[in-house]
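Read the numbers this way: they start at 1 and go in the same order the structure lists the ligands and their atoms. Worth saying up front: this structure is predicted, and the values here are computed from it rather than measured.
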Amino acid sequence: MSQNPRPDAEQPRFSDLVDLVDGLWPFSLTEDWDRTGPVAGRMQRPVSKVLVAVDPVAEVVDEALEGGYDALLTHHPLLLRGVSSVSDEGYKGELLTRLIEGGCGLIAAHTNADQPEGGVSDLLGQVLGLRDMEPLVPAKGNDDVEAPAGIGRVGTLEQPMALAAFARRVAGALPSVAGGVRVAGDAQAEVRRVALCGGAGDSLFDEVRASGADVFVTSDLRHHPASEAREEARGGTPYLIDTAHFASEWVWVPFAAEALKRAAAERGWEIETTASEAVTDPWDFVLVPDRR
Ligand SMILES: [Zn+2]
């Protein structure tokens, strides 16, 4: 059991929470274009309740403030590009102002939480029942960080199953969203080797083909990459399963809440962590053709 470095402090500070997040999902793994780490918050403020969510949107900020949380950890960063105002005239400024006024800090763990074991893609593979998982794109060597794994995963199902049945498993394992999941391929075709990438993965088709996957599960598949991949496959594998971006990444939320609580306990701190169940997929309904 590790020693509490500040035995006089019964509660962690916001800066300690930032350290715990960095220990679980090292900020050094963040992609160059991305922004992770603390977004807002007073570093010395004590923290006892932390809310974890995918998106820093109004519904989640409401939940954090109404629930009396001291900190909000989200997967997506609220601020990614240059900002010259956080006044409440813009929605991002309004969210930040409300969080600051409400005494709730904000932290983002984005691409640093995608790649490691216990990261978004690894957890997506676990909930889909994949075995012998490997990264689709192994991480480049990083001496500072132990086993950073890499982007996406490929693994094998225990038993082969029909594409339609596997798509139902995907839909059942993820939060329910209006758009459901979209599938390209013969519903009865057998699949066993599965490639996946939580969040947007349509830049990975070369790696998916090289992995020998029967089916690729990801989000945000645009027309041209998806159409070209299906043409290239001549109707065969890899088939495609397109999920809501929010849904494929939500699998990280309950895991992250538990992992933070455990990491705090190892340092002798008791914090309450909650996985937000807000469905923050932006789509509200779909119209599907009447197949008579
Ligand atoms: Zn995402």
K.L.:
Where the Zn ion (ligand 1) is the centre, what is the OE2-to-NE2 angle for Glu249 and His245, rounded to 10°?
P.N.:
100°
K.L.:
Would the distance check show the side chain of Thr218 and the main-chain N or O of Gly201 forming a donor-acceptor pair, the cut-off being under 3.5 Å?
P.N.:
yes
K.L.:
Can Asp70 and Lys49 be counted as an ion pair, charged N to O under 4.0 angstrom?
P.N.:
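No, this pair does not count.
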K.L.:
Can you tell me if His76 has an N, O or S atom under 2.8 Å away from the Zn ion (ligand 1)?
P.N.:
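Here the distance criterion (N, O or S atom, under 2.8 Å) is met by His76, so yes.
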K.L.:
So that I can check it, does any N, O or S atom in His110 come closer than 2.8 Å to the Zn ion (ligand 1)?
P.N.:
no
K.L.:
Under the ring-ring contact (aromatic ring centres under 6.0 Å, His included) criterion, do His245 and His75 qualify, and how do the steps go?
P.N.:
CA-CA 12 Å; His245 185 127; His75 183 50; 7.8 Å; no
K.L.:
Tell me if the aromatic rings of Phe166 and Tyr239 count as close, with their centers under 6.0 Å from one another.
P.N.:
no
K.L.:
Suppose we only count N/O/S atoms under 2.8 Å; would Asp114 qualify as near the Zn ion (ligand 1)?
P.N.:
no
